[in-house]
Every structure is written in structure tokens, then in C-alpha cells.
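Note sheet for the following structure.
Both counts, for ligands and for their atoms, begin at 1 and track the order of listing.
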Amino acid sequence: MSKIDFKDKVVIITGAGGGLGRYYSLEFAKLGAKVVVNDLGGALDGQGGSSKAADVVVDEIKKNGGVAAADYNNVLDGDKIVETAVRNFGTVHVVINNAGILRDSSIKKMTEKDFKLVLDVHLNGAYAVTKAAWPYFQKQKYGRIVNTSSPAGLYGNFGQTNYSAAKSGLIGFAETLAKEGAKYNIKANTIAPLARSRMTESILPPPILEKLGAEKVAPLVLYLASAQDELTGKTFEVAAGFYAQIRWERSGGIIVKPDETFTAELVAKKFNEILDFDDSNKPELLKNQHPEMLNDYTSLTAAARELGPNDLSGAPT
Ligand code: NAI
């Protein structure tokens, strides 16, 4: 197997002034990347800002003989972050959407501001940076995106409706980017990590934190950033040395024939069959509808056709 390196590659890492992003930056630089260290240097809840966070990491990279530029923009200004990459290094090849904040509270106490702000930083921020990088990716026929989801985005977590919604949104975002990017050699994948950082330091006990070093997450991010072949649109869980892929599983389901009566009672009667995973499948494409369903219902087939191509050949731009 050939060695993975990022020589001549320009890598933007958002939220790279601390925690996971800082560690990724140092590792990418060690492997030859020109790194844009983005961080607005705010508090865990997103308040405030300082250029110091990004500067310290850039200095560290340079001291190690690496190449890096600092960027202090909010991820919502993705175009400015990409501009920093282009101004310093001519283009961008890899985007690691990593910046994040927390504003936890139960739905009962959640404010609209806290809900929207968390969606803004995680989801809309990832959109803004990716959107600005996309034309460079398309033109050079090379682009790699790694989104950062969370176990809370996969399974939910008390007090984190805002965070969970943003984090699961990033999975769908990457799944579609993978399809749109396929013919341009643009690959998008997602990680759901658990790691020691200021996000977890006050929540998890020290013996567990000790096991959650960023050095155990970074190898997967580096690998995904160099993704080849069919490695796109996938989601991975990673923590404490555990690496695994997450995917959708659909129960075998039921087909209700057009001549049957469509009622809630019918669903109730067949509910155990709907929940039965004995004959399950693992769909990856929107058009992987139940074959019988598409055969039986011409209207559904037509609707599926209207949706256009949904396979890895990518849709026309
Ligand atoms: P962290 O708080 O150390 O790092 C996040 C960085 O993002 C901070 O340096 C912060 O200044 C920066 N940031 C926040 N808002 C920004 C904005 N609008 N624009 C630019 N930069 C901004 O936390 P950590 O743990 O390193 O988190 C990295 C990513 O991993 C986040 O997306 C987080 O949600 C995710 N994650 C972390 C987990 C963990 O166990 N640490 C668990 C699951 C997901």
C-alpha cells in the first residue's frame, strides 16, 4: 500500500485553533499539506473571538517546518476562508468541516437563538465553506470533504436538539455532495467522533477522557481526506481506537396492494411486519426503492424518474 501524504495539497480545517482541529492541522502539515488553520477563537458557546487560537497553531506548524496560514473568519463566511487558501496557496483540495459550538438545553428551555446559532455554525457553516470550495474542486477535478457529525447526531442526546439536528444534517449533506461530486472526483464523507477536548472535559470522567485522545481520531480523517475509489458518502464512528462504519438499514417492509383499503387500522394490523428486520436491506441510493413498489405503482415510478439520476454517475450541472 502506498504511503498517504498531502504533498502539494491545500487543506482547510475549520475550528482548527483547538481540540480535534488543532491536532488534524499538525498532522496534515507533517504529511506535507499547506494548511489553512481557521478559527475565530471564541468560547465553547460561540461568544467572543480572538486571532490567538489560529495563530498559535500556525506558529506550531511553522516551528515544525510545515506550511500554514491563519484565518480568523466565522465559518458562515466560507468564501472568505476559501479566499485565504487561494491567496496564500492558489487553490483548495481538502475541506475539513470541523468548527463547532455547544448551546445545550432541553427543548422546553431551548431558545430560538440557541437553536439557530448551533445550526448556523455546524450545518450552515459547513455549507458556506463547501459551497465556496466547490468551484475549485470541480475545475481541478479533485476535492475531498470530511464533515464532523457526532454520536448525538446519530442517536440523539438529551439537551441537544439543536446539536443533534445540525449533526445529522451533516450526514445527509455529505451523502448528496458525494453524488453531485462523483463525476468530478469530489468525495465527501462524515465522521462521528468522541474525543477529549473542551467540549467533553466537563462532561466525561478523567479515566475515560484519558482514552479519548485526538491522535485516535486523526488517522481516519487523514485517510478520508485522501479517499480513493468508492469511498464517498459514508459515515464512520471513531473514538478511543474504535473505528466503524454506520449505514442505513431498512426492514423488509410490507407492500399494500392498490386494491386494499389504506387505513390506520391496516398499518396497525401489519405493524409487526413493518418492524421486522429479518429480511432487511441496506439502501444507499434514493432510487433503491423496493422493486416491487416501483413495479406496482406507475405513479411512484414516474415520480422517481422525475427526481433524476441518483446514482454515483452524478447529475448534470
Ligand atoms: P473545540 O471546542 O475544541 O473545537 C471547536 C473549534 O471550533 C474551537 O476552536 C472554536 O473556536 C471553533 N469555532 C467555533 N465556532 C466557530 C466559527 N463560527 N467559525 C470558526 N471557528 C469556530 O471542540 P472539539 O471537540 O475539538 O470539536 C471539533 C468538532 O468535533 C466539532 O464539530 C464538534 O461538534 C465535533 N465533535 C466533538 C466531539 C468530542 O467528543 N470532542 C464529539 C462529537 C463531535
Original post:
Which atoms of ligand 1 sit under 4.0 Å from any heavy atom of Gly18?
Top reply: 3 (O), 9 (O)

Original post:
Would Asn73 count as a contact of ligand 1 if the rule is a heavy atom under 4.0 Å away?
Top reply: yes

Original post:
Where the closest heavy atom to atom 32 (O) of ligand 1 is concerned, which of Asn74, Leu102, Asn98 has it?
Top reply: Asn98

**OP:** Number the atoms of ligand 1 from 1 as they appear, then name those within less than 4.0 Å of a heavy atom of Gly19, with their elements.
**Re:** 3 (O), 26 (O)

Subject >> Ligand-side contact atoms (ligand 1) for residue partner Ile101, heavy atom cut-off under 4.0 Å >> reply: 14 (C), 15 (N)

Original post:
Out of curiosity, is Arg196 lining ligand 1, as in a heavy atom under 4.0 Å away?
Top reply: no

**OP:** May I ask you to identify the nearest protein heavy atom to atom 14 (C) of ligand 1, giving residue, atom name and distance to one decimal place in Å?
**Re:** Gly100 O, 3.3 Å

Original post:
How long is the gap from CG on Asp5 to CG on Leu31, to the nearest 0.5 Å?
Top reply: 7.0 Å

Subject >> Heavy-atom nearest neighbour in the protein, as seen from atom 19 (N) of ligand 1, with distance rounded to 0.1 Å >> reply: Val75 N, 3.0 Å

Original post:
Once you round to the nearest 0.5 Å, how far does CD of Glu273 lie from CD1 of Ile255?
Top reply: 11.5 Å

Original post:
In the protein, what heavy atom is nearest to atom 20 (C) of ligand 1, and what distance, to one decimal place, separates them?
Top reply: Asn38 OD1, 3.4 Å

Original post:
Between the side chains of Asp120 and Asn124, does any donor sit under 3.5 Å from an acceptor?
Top reply: yes

Original post:
Quick check: does any side chain N or O of Asn147 sit under 3.5 Å from a backbone N or O of Asn97, one acting as donor and the other as acceptor?
Top reply: no

Original post:
Cation-pi between Lys9 and Tyr142: NZ/CZ under 6.0 Å from ring centre and within 45° of the ring axis?
Top reply: yes

Subject >> Value rounded to 0.5 Å, distance of CD1 in Ile13 from OH in Tyr23 >> reply: 12.5 Å

Original post:
For atom 2 (O) of ligand 1, what's the nearest protein heavy atom and its distance?
Top reply: Arg198 NE, 2.8 Å

Subject >> Proximal candidate to atom 24 (P) of ligand 1 [heavy atom criterion; set Ala239, Ala16, Ser197] >> reply: Ser197

Original post:
Any side-chain heavy atom of Val11 sitting closer than 4.5 Å to one from Lys34?
Top reply: no

Subject >> Residues, nucleotides or ligands: over 12 heavy atoms within 6.0 Å of Phe277 CZ >> reply: yes

Original post:
Which value, rounded to the nearest 0.5 Å, describes the distance between Ser202 atom OG and Leu209 atom CG?
Top reply: 9.0 Å

Original post:
Can you tell me the protein heavy atom closest to atom 6 (C) of ligand 1 and the distance?
Top reply: Gly15 O, 3.4 Å

Original post:
Could you give the distance from CG (Asn98) to OG1 (Thr148), rounded to the nearest 0.5 Å?
Top reply: 4.5 Å

**OP:** Would you tell me which option among Ala195, Gly125, Ser150 has the nearest heavy-atom contact to atom 40 (O) of ligand 1?
**Re:** Ala195

Original post:
Taking Ser149 for the side chain and Leu170 for the main chain, is one N or O donor matched with an acceptor at less than 3.5 Å?
Top reply: no

Original post:
Among protein heavy atoms, which lies nearest atom 34 (O) of ligand 1, and at what distance?
Top reply: Tyr163 OH, 2.6 Å

Original post:
Closer than 4.0 angstrom: is that true for some heavy atom of Gly42 and an atom of ligand 1?
Top reply: yes

Subject >> Enumerated ligand 1 atoms positioned under 4.0 Å from heavy atoms of Thr200 >> reply: 39 (C), 40 (O), 41 (N)

Original post:
Between Lys270 and Val267, is any pair of side-chain heavy atoms under 4.5 Å apart?
Top reply: no

Subject >> Close approach, Ser149 and ligand 1, non-hydrogen under 4.0 angstrom >> reply: yes

Original post:
Is Arg22 positioned over the aromatic face of Tyr24, cation under 6.0 angstrom from the ring centre and no more than 45 degrees off axis?
Top reply: no

**OP:** For atom 35 (C) of ligand 1, find the nearest protein heavy atom and state the residue, atom name and distance (0.1 Å precision).
**Re:** Thr148 CG2, 3.5 Å

Subject >> Heteroatom distance test (Leu20, ligand 1): nitrogen or oxygen, under 3.5 angstrom >> reply: yes

Subject >> Sub-3.5 Å N/O-N/O distance, Pro151 and ligand 1 >> reply: no

**OP:** Between Ala99, Ser50, Pro193, Ala214, flag the one that comes closest to atom 38 (C) of ligand 1 by a heavy atom.
**Re:** Pro193

Subject >> Any Lys167 heavy atom less than 4.0 Å from ligand 1 >> reply: yes

Original post:
Should the proximity of His122 to ligand 1, defined as any heavy atom under 4.0 Å, be assigned to the side chain, the backbone, both, or neither?
Top reply: side chain

**OP:** With the side chain counted from C-beta on, respond yes when Phe173 and Thr130 share a heavy-atom pair under 4.5 Å apart, and no when they do not.
**Re:** yes

Original post:
What's the shortest distance from atom 9 (O) of ligand 1 to any protein heavy atom, and which residue and atom give it?
Top reply: Asp39 OD2, 2.6 Å

**OP:** Please verify whether a non-hydrogen atom of Thr14 lies at under 4.0 Å from ligand 1.
**Re:** no

**OP:** Please could you name the atoms of ligand 1 that Leu194 approaches to less than 4.0 Å, counting only its heavy atoms?
**Re:** 40 (O)

Original post:
From Ile186 CD1 over to His93 NE2, what is the distance, rounded to the nearest 0.5 angstrom?
Top reply: 12.0 Å

